[in-house]
*Asks:* 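Dumping the structure here so I can ask a few things about it.
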Amino acid sequence: MPKMKPTHWIVLFLFVTSFSYSQDKKAKELLDEVTAKVKSYDNIVIDFKYTLQNTKENINQESKGSVTLKGNLYYLNFMGVTKIFDGKKTYTIVPEDEEITISKVDEKDENAITPSKMLTFFNSGYKYYMDIVQDVKGRKIQYIKLVPISSKDERKEILLGIDIQTKHIYNLIEIGKKGTKTTLVVNSFKTNQPISKNQFIFDQSKYKNYYINRID
């Protein structure tokens, strides 16, 4: 087999480098569009389906949830638990145990995963690449592969599906290094909804018999 000349190696290297940069640039541009779209809304109301799978451990769980977002404020219902963030504290309400945990949250902490970041979490801590395009019920979904920069991250990669037309997130597929796969599919994405002015205010009078656990 004939050896490739040095000039050919240089041409090949430049081609691959240029192609990779082009792909990353396109991915970044699309993610920036998604972020701008999210920030343009006064509020967002999402209904979603969450699936957790691990074939080796024979785990297959599925549940539904909903979240209302307004800036960094959120009201989340998921797996029988309600979480409210009023801008300063998080209130985790567990009706089954009649218990409420009140804790402070540092929203500036980049490692803190909160519902308010679920639509913009990808802006730091990841390398990103354009992936496949799928047709889902007539909608063109462009996937972007996100690879965590930190080697300590338990996630191998994340596939973020974006509706090309609306620039809304359609789904998120998270693949762990130990074979766990979690999928979040957005069933309903509504914006600028008429929500109560008290939507993100915790009213303790509604939970008179609950045990209050305060974490400073």
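Since we're looking at a predicted model, the values are computed, not measured.
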*Asks:* Taking C-beta and beyond as the side chain, do Asn123 and Thr35 meet within less than 4.5 Å on heavy atoms?
*Replies:* yes
*Asks:* Could you tell me whether a side-chain N or O of Asn192 sits under 3.5 Å from a main-chain N or O of Asp42, the two making a donor and an acceptor?
*Replies:* yes
*Asks:* What heavy-atom pair brings Val34 and Lys167 nearest, and what distance separates the two atoms?
*Replies:* CG2-O, 3.6 Å
*Asks:* Hey, could you give me the CD1/OH distance between Ile158 and Tyr126, rounded to the nearest 0.5 Å?
*Replies:* 4.0 Å
*Asks:* Measuring only between side-chain heavy atoms, which start at C-beta, is Phe200 closer than 4.5 Å to Thr68?
*Replies:* yes
*Asks:* Find the distance between CD1 (Ile144) and CG (Leu159) and round it off to the nearest 0.5 Å.
*Replies:* 10.5 Å
*Asks:* So His168 and Phe189, would you call those rings parallel, tilted or perpendicular, with 30° and 60° as cut-offs?
*Replies:* parallel
*Asks:* Rounded to the nearest 0.5 Å, how far does NZ of Lys64 lie from OG1 of Thr51?
*Replies:* 10.5 Å
*Asks:* Could you tell me whether the side chain of Lys177 and the main chain of Asp153 form a donor-acceptor pair under 3.5 Å?
*Replies:* yes
*Asks:* Using only atom types and a distance under 3.5 Å, with no angle test, would you say the side chain of Gln142 pairs donor to acceptor with the backbone of Asp131?
*Replies:* yes
*Asks:* Output yes when a side-chain donor or acceptor of Lys145 lies under 3.5 Å from a complementary backbone atom of Glu157, and no otherwise.
*Replies:* no
*Asks:* Fit a plane to each ring of Phe48 and Phe78, take the angle between them on a 0 to 90° scale, and name the class: parallel (under 30°), tilted (30 to 60°) or perpendicular (over 60°).
*Replies:* tilted
*Asks:* Identify which one of Thr191, Val186, Ile169 satisfies the side chain to side chain contact (heavy atoms under 4.5 Å, CB included) criterion when paired with Ile46.
*Replies:* Val186
*Asks:* Keeping the roles fixed (side chain from Asn43, backbone from Lys70), state whether a donor-acceptor pair exists under 3.5 Å.
*Replies:* no
*Asks:* Atom CG in Asp24, atom OH in Tyr129: separation rounded to 0.5 Å?
*Replies:* 6.0 Å
*Asks:* As an exercise, state the distance from CD1 of Ile84 to OH of Tyr75, rounded to the nearest 0.5 Å.
*Replies:* 5.0 Å
*Asks:* In the structure I gave you, are the side-chain heavy atoms of Leu52 and Thr180 within less than 4.5 Å of one another anywhere?
*Replies:* yes
